[in-house]
2 protein chains.
Amino acid sequence: MISSYENEDKFLNAVDCIIFGFDGKNLKILLIKRDFEPEKGQWSLMGGFLRNNEIFSDAAARVLNKLTGLHDVYLEQLFAFSKVNRDPVERILSVAYYTLIDINTHNKELIQKNSAKWFNVGNFPELIFDHNIMVERAIKRLRRKTSIEPIGFKLLPRKFTMLQLHNLHETILNKKIDKRNFIAKINSLNILIKLHEKSFESSKKGSFLYMYDKEEYEEKLSNGFTFKL
Amino acid sequence: MISSYENEDKFLNAVDCIIFGFDGKNLKILLIKRDFEPEKGQWSLMGGFLRNNEIFSDAAARVLNKLTGLHDVYLEQLFAFSKVNRDPVERILSVAYYTLIDINTHNKELIQKNSAKWFNVGNFPELIFDHNIMVERAIKRLRRKTSIEPIGFKLLPRKFTMLQLHNLHETILNKKIDKRNFIAKINSLNILIKLHEKSFESSKKGSFLYMYDKEEYEEKLSNGFTFKL
DNA sequence: TCAAAAGTGTTCACCGTACACCCATGG
DNA sequence: CCATGGGTGTACGGTGAACACTTTTGA
């Protein structure tokens, strides 16, 4: 069959990743200092070109793995950016993904090797191209999503305390949330498993650790259960 | 400057449009019967290739204009689809957009020329490639969006009756909505202008016509006003 | 006078939100 | 024994949901 497409323009396609983490206090994003042109030396999102055998989410996962060493992370497509001169060298279409990772589990050598660094959301440097817009959009999406679906777990260690979770939500939504109301709401969702184990990291009394009940959670999700936080 | 990108793969990029309309009774989508290969004769979304000087939304608007003759329509990016073999001839990355138009205002000759036809959502033919997935996703998004923001206006004529609006919402959300509660809620949003004019199309008594107050609406939107329907 | 759609309020249950004190422990 | 963070319950107001009858007028 003869291709009917031969007169059409072709383009470079890339993905860029907004990588969120939480250090217990602040919501953070992982940025790299570019060691290649253009804009060498500038801060940027981690990105990469789409390859022939990949779909966009594969490319995003590959790029993310290259920087953090992590597999099987939560990735969500954010938006396809296409401004003609986004990249000064040549036109590149970029699909942005955002991801939530446990800040403690990534591979620190890889981070160093890529000259990457964690920055607080709300206080990070000017980025190249349209990456600032991507980040803004990702934060907005994360906020909205967080109040519909408790995806924040993915930013915490496997075992976490209620107050970590509480802090996380306050941080993401950038507002005070009443502790008792929050705990009551979370409990009513029935997606947490209370362990018979305490963390003594932050107090003498110790606070119970929880895990989230992945199966319960995903079943409810797939049944269209509406979380509302 | 030498391009550092020269070894990377390039791809064809396209847009596909899910075009929603409302005939007073049913939510509809506009599909075309392809008169070109591949899949000639099959039903499909209207689409087109991205050009060198366009961003994705330009391409979507162009494609939409080509089929309907309309300008300045509501367009929202849905998702970037990238399965490797979506198109059997050659790899094409496609960004899907959905749009809401007043079914009465489009150019009927263009529709004919493109062998296009309106189908009820929930009863339309098998589509080519991954277009069925695109449509499903668009419907889901439209539902969610409709209960957050009254975008449904865009599917109605400029002047419409309360019951048209009521029917529209019932249709989109595919469930019964109490008439009095609905009207009270809509009124409480303060984005409708009640005209001193009635429509006698559907009753002897006649029903008042409304317009939506675009400025009010957009101001509230940009102030982050949360609608919730 | 009747058929067919337009238009209009009230009540109740539940949920979101505000709010403050005791507990356990290590130092 | 005290300082620090952990853990817990109740009351109120507002919002969402259920519910039915009267009005208008052309045929």
Side-chain angles (χ1 to χ4, degrees), chain A residues 23-25 143-144 146-150 156-157 159-171 173-211 220 225-229, chain B residues 23-25 143-144 146-150 156-157 159-171 173-211 220 225-229:
Chain A
D23 67 359
K25 197 88 182 160
R143 292 215 168 111
R144 191 157 39 80
T146 298
S147 39
I148 293 177
E149 209 186 300
L156 293 176
K159 301 176 182 181
F160 52 87
T161 68
M162 266 298 174
L163 294 209
Q164 279 179 289
L165 189 58
H166 178 234
N167 279 337
L168 172 64
H169 278 249
E170 286 195 335
T171 305
L173 300 176
N174 195 26
K175 66 173 184 189
K176 279 261 161 272
I177 301 172
D178 182 88
K179 192 174 36 156
R180 281 165 294 184
N181 292 340
F182 178 78
I183 292 173
K185 232 188 290 184
I186 287 284
N187 281 331
S188 75
L189 300 179
N190 274 106
I191 50 168
L192 286 195
I193 300 168
K194 185 173 188 169
L195 303 175
H196 302 284
E197 211 180 319
K198 284 188 162 191
S199 158
F200 294 91
E201 276 180 28
S202 64
S203 81
K204 301 153 188 173
K205 185 179 175 182
S207 57
F208 279 105
L209 287 165
Y210 292 79
M211 287 177 55
K220 290 195 176 170
F225 183 84
T226 170
F227 287 95
K228 232 201 312 180
L229 283 162
Chain B
D23 67 359
K25 196 88 181 158
R143 291 215 169 111
R144 190 156 40 80
T146 299
S147 38
I148 293 176
E149 207 185 303
L156 294 175
K159 301 176 182 181
F160 53 86
T161 67
M162 267 297 177
L163 295 208
Q164 279 178 289
L165 189 58
H166 178 235
N167 279 337
L168 172 64
H169 278 249
E170 287 195 334
T171 305
L173 300 177
N174 195 26
K175 66 173 185 190
K176 280 262 160 268
I177 301 171
D178 182 87
K179 190 173 38 154
R180 284 164 293 184
N181 292 339
F182 177 78
I183 292 173
K185 230 188 291 185
I186 287 285
N187 280 332
S188 75
L189 299 180
N190 274 104
I191 51 169
L192 287 195
I193 301 167
K194 184 173 189 170
L195 304 175
H196 301 283
E197 210 180 322
K198 283 187 163 192
S199 158
F200 295 91
E201 276 180 25
S202 65
S203 82
K204 301 153 187 174
K205 186 180 176 182
S207 57
F208 279 104
L209 287 165
Y210 292 79
M211 285 177 55
K220 290 196 174 170
F225 183 84
T226 169
F227 286 96
K228 232 202 314 181
L229 284 162

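Atoms considered below: every heavy atom in the structure, side chains included; atoms not considered: hydrogens, waters and symmetry mates. In what follows, chains carry the letters A, B, and so on, assigned in the order in which the sequence lines appear, proteins first and then strands, with residues in each chain numbered from 1.
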Rounded to whole Å, CZ of F182(B) lies from P of dA18(D) at a distance of 16 Å
Winner on side-chain proximity to K228(B), out of dA6(C), dG16(D), dG6(D), is dG16(D)
In the structure I gave you, are the side-chain heavy atoms of Y210(B) and K159(B) within less than 4.5 Å of one another anywhere? no
L229(A) CG to dC15(C) C1', in whole Å, measures 14 Å
To the nearest angstrom, the CD-C1' distance between E201(A) and dT4(D) comes to 16 Å
Whole-Å distance, L189(B) CG to dG16(D) C1', equals 14 Å
Using only atom types and a distance under 3.5 Å, with no angle test, would you say the side chain of H166(B) pairs donor to acceptor with the backbone of I177(B)? yes
Quick tally for nucleotides 19-27 of chain D: nucleotides whose base has a protein heavy atom under 4.0 Å get B, sugar-phosphate-only ones S, the rest -, giving BB--BBBB-
Residues E170(B), K176(B): salt bridge by 4.0 Å N-O rule = yes
Do R144(A) and L173(A) have side chains that approach each other closer than 4.5 Å (heavy atoms only, starting at C-beta)?
no
Taken to the nearest whole Å, CG/N187(B) to C1'/dG16(D) is 16 Å
Rounded to whole Å, the CD1-P distance (I183(A) to dT17(C)) equals 16 Å
From NZ of K185(B) across to C1' of dT15(D) the rounded distance in Å is 10 Å
Q164(A) CD to dG7(D) C1', in whole Å, measures 16 Å
Is the distance between the ring centroids of F225(A) and F227(A) less than 6.0 Å? yes
Check: Would you say a side-chain N or O of S203(A) is under 4.0 Å from OP1 or OP2 of dT25(C)?
Finding: no
Quick check: do K220(A) and L189(A) have side-chain heavy atoms less than 4.5 Å from each other?
no
